[in-house]
Amino acid sequence: MDDCLFCKIARGDIPSRKVYEDDAIFAFHDINPARPTHLLVIPKKHIVSLATASAADTPVLGRMLAVANRLATENGSPDGFRVIINTGRIGHQEVQHLHAHIVGGPDPVGPMLKRV
Ligand code: 5GP
Ligand code: ZN
């Protein structure tokens with residue numbers, strides 16, 4: 001996708017603080033970290049969200065999760081982390097290219113969600 005922010009980051013057209021790359025995925029520091037460790041893992045292929053991913057995307061989805069522990073450990077969160085994939089309007093997804101947040105740091109990230 002020519003006009004997608006995260007496609008541009010994956011291509012290197014927009015700079016990012018890359019932490020990992022292979023043929024299918026790209027990972028980098030979030031520009032506005034919510035915790036000391038805050039990485040984003042994205043497929044290089046433009047997939048809008050988990051709501052539009054297809055069965056053919058299963059390998060890349062698995063790979064995004066499979067690298068999470070290594071990336072968290074290498075980037076300041078060796079004792080666990082949280083993966084968040086905001087999806088669609090209800091999930092408050094702001095960037096329309098599928099991404100997994102990996103958040104953590106030396107201290108626990110806190111309870112999952114505030115009850116409403
Ligand atoms: P969402 O709300 O869509 O799940 O999360 C989007 C995330 O992308 C936010 O945490 C935001 O800080 C991050 N982000 C937005 N624009 C950029 C950018 O240009 N570079 C980087 N590294 N992160 C970005
Ligand atoms: Zn994209």
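Worth saying up front: this structure is predicted, and the values here are computed from it rather than measured. In each ligand, atom 1 is the first atom listed, and ligand 1 is the first ligand listed. The residues of the chain are indexed from 1 along the displayed sequence.
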Is there a polar contact between ligand 1 and [X], counting only N or O atoms under 3.5 Å apart?
X   : value
Q93 : no
H38 : no
S16 : no

So does [Y] get a backbone contact from the side chain of [X], meaning a donor-acceptor N/O pair under 3.5 Å?
X   : Y    : answer
T73 : N69  : yes
H99 : H97  : yes
Q93 : V48  : yes
R82 : G110 : yes
K44 : R11  : no
S77 : G105 : yes

Strictly under 4.0 Å, does any heavy atom of [X] approach an atom of ligand 1?
X    : value
L40  : yes
R17  : no
H101 : yes

- Task: Would you mind telling me if ligand 1 is within reach of the side chain of V95, the backbone, both or neither, using heavy atoms under 4.0 Å?
- Result: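 V95 to ligand 1: contacts from backbone and side chain alike.
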- For atom 11 (C) of ligand 1, state which one of N32, L98, D30 supplies the nearest heavy atom.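 Looking at heavy atoms only, D30 sits closest to atom 11 (C) of ligand 1.
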- Item | Identity of the nearest option to atom 21 (C) of ligand 1, non-hydrogen atoms only, from I84, I31, L5, I14 |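 Answer by nearest heavy atom: I31.
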May I ask you to identify the nearest protein heavy atom to [atom], giving residue, atom name and distance to one decimal place in Å?
atom                    : answer
atom 8 (O) of ligand 1  : F6 CZ, 3.5 Å
atom 6 (C) of ligand 1  : H99 NE2, 3.5 Å
atom 3 (O) of ligand 1  : E94 N, 2.7 Å
atom 22 (N) of ligand 1 : H29 O, 2.9 Å

- Ligand-residue contact atoms, ligand 1 with N86, heavy atoms, under 4.0 Å: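 Heavy-atom distances to N86 below 4.0 Å select 1 (P), 2 (O), 4 (O).
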- Query: Any idea which atoms of ligand 1 are less than 4.0 Å away from a heavy-atom of H92?
  - Reply: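 What qualifies from ligand 1 is 2 (O).
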- Query: In the hydrophobic cluster built from side-chain contacts under 4.5 Å, what are the other members alongside I47?
  - Reply: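 Under the 4.5 Å side-chain rule, I47 groups with V19, Y20, I25, L39, V41, L50, V60, L61, M64, L65, V67, L71, F81, V83, I85, L98, I102.
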- Item | Cationic N near anionic O, under 4.0 Å, D23 to R63 |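 Judged by the 4.0 Å cut-off on N to carboxylate O distance, D23 and R63 do form a salt bridge.
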- Query: Using a cut-off of 2.8 Å, how many protein N, O or S atoms lie below it in distance from the Zn ion (ligand 2)?
  - Reply: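 Number of qualifying protein atoms: 4.
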